[in-house]
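Throughout, protein chains are lettered first and strands after them, A, B, ... in sequence-line order, and every chain is numbered starting at 1. Since the structure is predicted, the reported quantities are computational estimates derived from the model, not experimental observations.
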There are 2 protein chains.
Amino acid sequence: MATIKDLSLKCGVSVSTVSKALNGYKDIGEETKRNILKAANEIGYFPDSNARALKTKKTYNIGVLFSTMFNHGLRNEYFAHILASFNEYATGKGYDINFIEHNVGDRKMTFLEHCSYRNFDGVCIACCADFFDNEIQQVVNSKIPVVVIDHIYNEAISILSDNMEGMRQLTQYIIDQGHKRIAYIHGTNSSVTHNRLVSFYQVLRENGLTIPNEYVVEGIYRDSDTSGLLTQRLLDLQVPPTCIIAPDDYSALGVMNTIRRSGLRIPEDISVAGYDGISVAQALEPKLTTIRQDTDRIGTEAAKQLINLIERPMVTSISNVYLKVSLMKGSSVGYVTSTELNRPSRQSIVD
Amino acid sequence: MATIKDLSLKCGVSVSTVSKALNGYKDIGEETKRNILKAANEIGYFPDSNARALKTKKTYNIGVLFSTMFNHGLRNEYFAHILASFNEYATGKGYDINFIEHNVGDRKMTFLEHCSYRNFDGVCIACCADFFDNEIQQVVNSKIPVVVIDHIYNEAISILSDNMEGMRQLTQYIIDQGHKRIAYIHGTNSSVTHNRLVSFYQVLRENGLTIPNEYVVEGIYRDSDTSGLLTQRLLDLQVPPTCIIAPDDYSALGVMNTIRRSGLRIPEDISVAGYDGISVAQALEPKLTTIRQDTDRIGTEAAKQLINLIERPMVTSISNVYLKVSLMKGSSVGYVTSTELNRPSRQSIVD
DNA sequence: CTGAAAGCGCTTACAG
DNA sequence: CTGAAAGCGCTTACAG
């Protein structure tokens, strides 16, 4: 690759002058500057990123930290989509992205060590199996600018898909369709799960509904088999629910399969809802009733906030940004008629 | 971060000695070496990657090049899974991965410029909308070690999911189930599509089957709506097929929806097959008959070959590696009984 | 076995 | 307005 020295020879000026011209310093002659820029374009000159980083301590590299466990990381569609838009925004601002890993060759590094080894300008933490992991905390507590997705730390900017609001909209919609016996198979415990649960109960309460404890069970995100099994148990209850909310769209497939295997129809006999709004949910029939999380905006917003924090630390506040979700009505949640409402089995539950 | 100088002061030796000890040079005293290694571990010292790269021209960074178009890149499950395993292998060998992009900040770069700007040790090209793109060719023809997934260039190592073999197995299985009127909605033209088509026709011929031209139509990968529309046309034919092969599993959803909307059952009335073996295909009912592409091995193998090429260029041959696929029988392709075989409508087609 | 010195390709005070 | 010089943190011939 051509170096700054090649360019300086070609232009007949010193490397200092070239460097300043390229970096927009004011104290350079108009014509000199024009010449240098022209020559740089001609030979396709770009400053070597390593040399520049060594001097300036700025790499224009952002580290992305995520769990690589089964069903996590790149193999998780929700995260992969967020990463795609994160990358697109960052790239437009001149930042490349890197994955933060534990081991580099034969030596193990902590996440923070990896960050200083690579001199990342900032870090995005997302899709972690365990946000309380000690090594992750280290990164959050370091000097490196950090943005976190779907979790709140005091010390970092958080981008959150509005889970309280999402669950509120979904639950309210189901209730508005006449359902009173609503079951919720939720995902493994986390702050996301917690907020959804709180919101679920809250909306039930606001509508004067109570449900039996057996209607709320713990499943596993993105595990349709588990959700299928749990669905069977719900169907076997003496008074089964009229609607089942799955942990996510993918798991909803397991719920639907089990229901159909029992000879029941969706949504005529029993309704199903998901969460996420992944594409496959909309290719199913009936189309899944779900909450769409705006992965594009989550990724874009995370990148934007992080780059602001990197470039203008003093005017960027450490805040929590909640992103809107939207209800996708689909047709897997049916309308419960008043006849059904009068069934004794239901009455015994409602009050 | 601690520098090599800090470490040399702590150990009371020169930086040269520290550097050599850390890099496994032989001409260092046993005890000196032990001391240095111990101290390095204590303070969590890692050489600054930029400084090292500047001197050695080795970054331990691999660039990954892919299209970011709709339905491509990270938003494509097939590619995201390959990338995940590629990253896991590379990381274990000490390489981090970076995405290769067009624009860096306000200035546009060609892909090759981005590679030299970042000094990538090697490049993996995958999942491109257009492998004949001029900028991609530039990278392939450069001095940088390159591995390509699912496409063959003369100048680079190729890792290929065996599409000929996959399509062979799938088609043969369908024929073995008694089908003779098999339709194929294939994806947009590419070498992958071409090979699958060639193989499809070849197996038909080997089995003494011919199909009408209308049975082979061009769809779009991962576009279930288009596949749904094309399915409708196939169903409307005077002599419709008994089995439809979709471009991929995701598109198969569209095929299935259209079939069901027509009041037909799968597989009793008509059979469906996909391609890819993505997880959702196995969560459907009936389970989709499909070919599983081994994304784990593709990613791992690509990383392995690329790193070999980087580290031992003289003993690594530029070859094409074909990876095995496997048939997932599922239950969306049914058995066609002999009664059905004797139907006049079929006979008129077969010979 | 150890260390002084040069140099990788840049940027940036500083002097002129 | 321009350029010489120092230095970012390393590695690696080379000398001793």
Side-chain N or O of A:Y45 closer than 4.0 Å to phosphate OP1/OP2 of C:dC10: yes
Touch class at under 4.0 angstrom, heavy-atom based, for B:D27 against every strand present: base
Atom-to-atom span, NZ of B:K55 to C1' of D:dA13 - whole angstrom: 9 Å
Presence of B:T17 side-chain N/O under 4.0 Å of C:dG3 phosphate oxygens OP1/OP2: yes
Heavy-atom closest pair, residues B:D121 and B:K57: OD1-O, 4.1 Å
Phosphate contact (D:dG3 OP1 or OP2) by A:S16 side-chain N/O below 4.0 Å: no
Aromatic ring proximity, centroids under 6.0 angstrom, A:Y153 and A:H151: yes
Distance, rounded to the nearest Å, where A:L54 contributes CG and C:dG9 contributes P: 12 Å
Atom-pair distance (CD1 on B:I4; P on C:dA5), nearest Å: 17 Å
Phosphate contact (C:dT2 OP1 or OP2) by B:T32 side-chain N/O below 4.0 Å: yes
Distance-only donor-acceptor test (3.5 Å): side chain A:K5, base C:dG9: no
Whole-Å distance separating the CG atom of B:L7 from the C1' atom of D:dC10: 13 Å
Which residue lies more 5' along DNA chain D, comparing A:G12 with B:R52 via nearest heavy atoms: A:G12
Donor-acceptor pair present, A:K20 side chain and D:dG3 base, under 3.5 Å: yes
Presence of B:N23 side-chain N/O under 4.0 Å of D:dT12 phosphate oxygens OP1/OP2: no
Check: B:F111 main-chain N/O paired with B:E135 side-chain donor or acceptor under 3.5 Å: yes
Enclosure of B:K58 NZ (heavy-atom neighbours >12, cutoff 6.0 Å): yes
Atom-pair distance (CG on A:L22; P on C:dT12), nearest Å: 12 Å
Interatomic distance, B:I28 CD1 vs C:dT2 P [rounded to whole Å]: 6 Å
Spacing of A:I36 atom CD1 relative to C:dT11 atom P, expressed in whole Å: 12 Å
B:F99 ring center near B:F66 ring center (under 6.0 Å): yes
Selection from D:dT11, C:dC10, D:dC10 that lies nearest to any side-chain heavy atom of A:D48: C:dC10
Interatomic distance, B:L9 CG vs C:dG3 C1' [rounded to whole Å]: 14 Å
Sugar-phosphate, base or nothing in reach of B:S19, heavy atoms under 4.0 Å: base
Nucleotide paired to C:dC1 in any strand shown, Watson-Crick or G-U, under 3.5 Å: D:dG16
